[in-house]
Protein chains: 2
Amino acid sequence: MRTYGQYCAVASALDLIGDRWTLLIVRELLIRQPCRYTDVAQGLPGVATNLLAERLRQLEGRGILTREAAPPPVATTLFRLTELGEALRPVLIELSRWGLPLLGPSPGQAVFRTHWLSLPLESALCHDPAAGPVTIEVRAGDEPLVVEAADGHVRCRSGAARDADLTLSGPPAVIVGLFYGAFDLAGARARGLVVDGDAGLLDRVRPSRA
Amino acid sequence: MRTYGQYCAVASALDLIGDRWTLLIVRELLIRQPCRYTDVAQGLPGVATNLLAERLRQLEGRGILTREAAPPPVATTLFRLTELGEALRPVLIELSRWGLPLLGPSPGQAVFRTHWLSLPLESALCHDPAAGPVTIEVRAGDEPLVVEAADGHVRCRSGAARDADLTLSGPPAVIVGLFYGAFDLAGARARGLVVDGDAGLLDRVRPSRA
DNA sequence: CAGCATCCGCTTTGATACTG
DNA sequence: CAGTATCAAAGCGGATGCTG
C-alpha cells in the first residue's frame with residue numbers, strides 16, 4: 001500500500017481514503033446503502049469497472065465497508081459501510097459544504113444524479129420541531145428524492161414518496177439555492193421551480209447555518 | 001484538468017483538492033502560514049520537489065492560495081491561503097478527527113513533525129473561560145509547539161514559548177492521548193510524559209467532545 | 001444480468017540531478 | 001532558496017472478455 005509515511009492524523013486518513021474515487025464510493029454508500037455493485041457503479045458515472053472492484057476490495061480490507069450476501073430470493077452481494085465508514089459522514093458533509101458554492105448555475109456537460117443532493121440538503125437544512133413533520137419529494141433529474149423532516153432532523157433517501165406533503169421540481173441549482181437561502185420562493189419560481197402542494201410547508205425546514 | 005464530471009458538491013470539491021499531496025499542502029499552510037517553499041517542503045517529507053511546485057501552481061490557479069513577495073530585506077516568496085483555502089479548515093479538522101484513532105501508539109518508521117499535532121489538539125481541546133488563560137509548550141519531536149488557551153479558544157503555533165506556564169515533553173501519542181482523554185495524568189506519566197511546571201493548569205483545557 | 005478480470009495506452013507520480 | 005529537467009515506475013481510463 002502506498003503511504004505518505006507521516007505520523008499525522010490527516011496523512012493517515014488520506015492513506016486510507018485519499019485515492020481517486022474512494023471518497024465518492026463512500027458518498028454513494030452513505031446515501032444509498034446497502035447497495036449492489038451495479039448500484040454503486042450507476043452512481044459513479046465515469047469510473048472504470050476494474051477500478052471500482054479494486055477500490056471496493058481495498059475499502060473492505062481497510063475495515064471501511066463490508067460485503068454481505070443478500071437474503072434469498074435475490075442472491076446478490078450488498079455493500080454496506082462499517083461503523084468506521086459511517087464515521088466519514090462529517091468529512092463528506094464538510095467537503096460538500098466547501099464544494100457546493102463551487103458548482104455553477106447549471107450542470108453544463110457534467111452528469112447529475114438527484115441523490116447527490118442528499119448530503120448538501122441534510123447539512124443545509126434543519127427541521128423546526130415546533131412545526132409538524134413534513135415530507136417533500138424533490139424532482140430534479142433522473143429519479144426522485146425524498147426529504148423527510150421530523151423531530152428536528154432532516155434525512156434524505158432515494159426514491160419516490162408515497163405520501164409527500166409537497167413536491168418540488170426544477171433544476172438542481174434552484175432546489176439547492178432555495179434551501180440554501182440563495183433565493184426565496186418567488187426567486188426560485190422565476191428560475192424554474194414548480195411547486196405542487198402547500199408551499200407554506202417549506203417553512204417547517206430552515207437553513208441550519210447563516 | 002482532470003475532473004470527475006459530476007454535478008455534485010463533493011465531486012467538485014475533490015476536483016480541486018483531491019489530488020495526491022494537495023490536502024497535506026493545505027494542512028501545512030493552515031498551521032504555519034505564511035511560509036516559504038522550503039518550509040512547506042520541510043513539513044512534507046517525501047514529496048518530490050517538482051510535484052510540490054506543480055501543486056502550488058495549481059492551488060494558486062484555483063484560488064486556494066496566493067504567492068506574495070516578502071518585504072525586504074528577506075526577499076523571498078511567501079505562500080498564504082486565500083479565504084477559500086482557509087475555508088478548508090473544517091474539512092481538515094474532520095479528517096484529522098477521523099484519522100487520529102488510526103495512528104498507532106508510536107510513529108514506527110513514519111516521520112513525525114511536532115506541528116502536525118496542531119489540528120488534532122485544536123479540535124480536541126476547549127478552554128474553560130472561567131479559569132484564566134494558559135500557555136503550554138509541547139516538546140514531542142523536532143521542534144516545540146505552543147498551545148495557547150484563552151477566552152474559550154485554543155490555538156497552536158510552531159516555535160518555542162517565551163512565557164510558558166507549563167511544559168510537556170513525551171512521545172506524540174502520549175501528548176495526544178492525554179488531551180484526548182485516552183489516559184489521565186498518571187497514565188501519561190507512566191508512558192513517558194514529563195511535566196515541567198504546575199500540572200494543575202492542565203485543568204484549564206478540557207476535551208471538547210466526549 | 002451481476003460482478004468482476006485482463007489487456008493496453010496514456011497520465012500521474014516518484015526519485016534524482018541540475019540551475020538561475 | 002526556489003524551483004526546472006529528466007526518466008522510470010505506478011496508477012488510471014477505456015474496451016473487452018469471462019464466469020456463475
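In the text below, chain A, chain B and the rest are named by the order of the sequence lines, each starting its count at 1.
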Query raised in the report: salt bridge (Lys or Arg N to Asp or Glu O under 4.0 Å) with Arg204(A): which residues, sequence neighbours excluded?
Result: none
Query raised in the report: Would you call the rings of Phe112(B) and Tyr7(A) parallel, tilted or perpendicular if under 30° counts as parallel and over 60° as perpendicular?
Result: perpendicular
Query - Salt-bridge present (Arg89(B), Glu94(A); N to O < 4.0 Å) - result: no
Query raised in the report: In chain order, what residues pass the side-chain contact (heavy atoms from CB on, under 4.5 Å) check against Ala150(A), with sequence neighbours excluded?
Result: Pro133(A)
Query raised in the report: Could you state the CG-P distance from Asp15(A) to dG11(D), rounded to the nearest angstrom?
Result: 13 Å
Query raised in the report: So, are Arg57(A) and Glu54(A) salt-bridged, with charged N and O less than 4.0 Å apart?
Result: no
Requested in this report: Quick one: list whatever passes salt bridge (Lys or Arg N to Asp or Glu O under 4.0 Å) with Arg191(A), sequence neighbours left out.
Outcome: none
Query - Contact list for residues 75-87 of chain B, test salt bridge (Lys or Arg N to Asp or Glu O under 4.0 Å), sequence neighbours left out - result: Glu68(B)-Arg80(B)
Query raised in the report: In degrees rounded to 10°, what angle is found between the helical axes fit to the five outermost pairs at each end of the helix from dC1(C)-dG20(D) to dG20(C)-dC1(D)?
Result: 30°
Requested in this report: Scan nucleotides 13-20 of chain D nucleotide by nucleotide, 5' to 3', and note B when protein non-hydrogen atoms come under 4.0 Å of the base, S if they reach only the sugar-phosphate, - if neither.
Outcome: BB-B----
Query raised in the report: Does some side-chain heavy atom of Val134(A) sit less than 4.5 Å from a side-chain heavy atom of Val147(A)?
Result: no
Query raised in the report: With sequence neighbours excluded, what pairs up with Ala199(A) under the side-chain contact (heavy atoms from CB on, under 4.5 Å) test?
Result: Leu185(A), Arg189(A), Val195(A)
Query raised in the report: For Asp151(A), does the CG atom sit with more than 12 other heavy atoms under 6.0 Å from it, leaving out its own atoms?
Result: no
Query raised in the report: Restricting to pairs with a member in residues 23-46 of chain A, which pass salt bridge (Lys or Arg N to Asp or Glu O under 4.0 Å), not counting sequence neighbours?
Result: Glu28(A)-Arg32(A), Arg32(A)-Glu143(A), Arg36(A)-Asp39(A)
Query - Near-strand residues of residues 22-38 of chain A, defined as heavy-atom separation under 4.0 angstrom from DNA chain D - result: none
Report task. Could I get the full list of ring-ring contact (aromatic ring centres under 6.0 Å, His included) partners for Trp21(A), not counting sequence neighbours? Result -> Tyr4(B)
Query - Interface residues of residues 53-67 of chain A with DNA chain C (non-hydrogen, below 4.0 angstrom) - result: Ala53(A), Arg57(A), Arg67(A)
Report summary line: From the list Leu30(B), Leu119(B), Leu88(B), side-chain contact (heavy atoms from CB on, under 4.5 Å) partner of Ile93(B) resolves to Leu119(B)
Query - Min side-chain heavy-atom separation Val10(A)-Trp116(B) under 4.5 Å - result: no
Query raised in the report: Can we say Glu60(A) and Arg62(A) salt-bridge, meaning some charged N sits less than 4.0 Å from an Asp/Glu carboxylate O?
Result: no
Requested in this report: Extract, from 5' to 3' on DNA chain C, the first and final nucleotides lying under 4.0 angstrom from some heavy atom of chain B.
Outcome: dT13(C) to dA17(C)
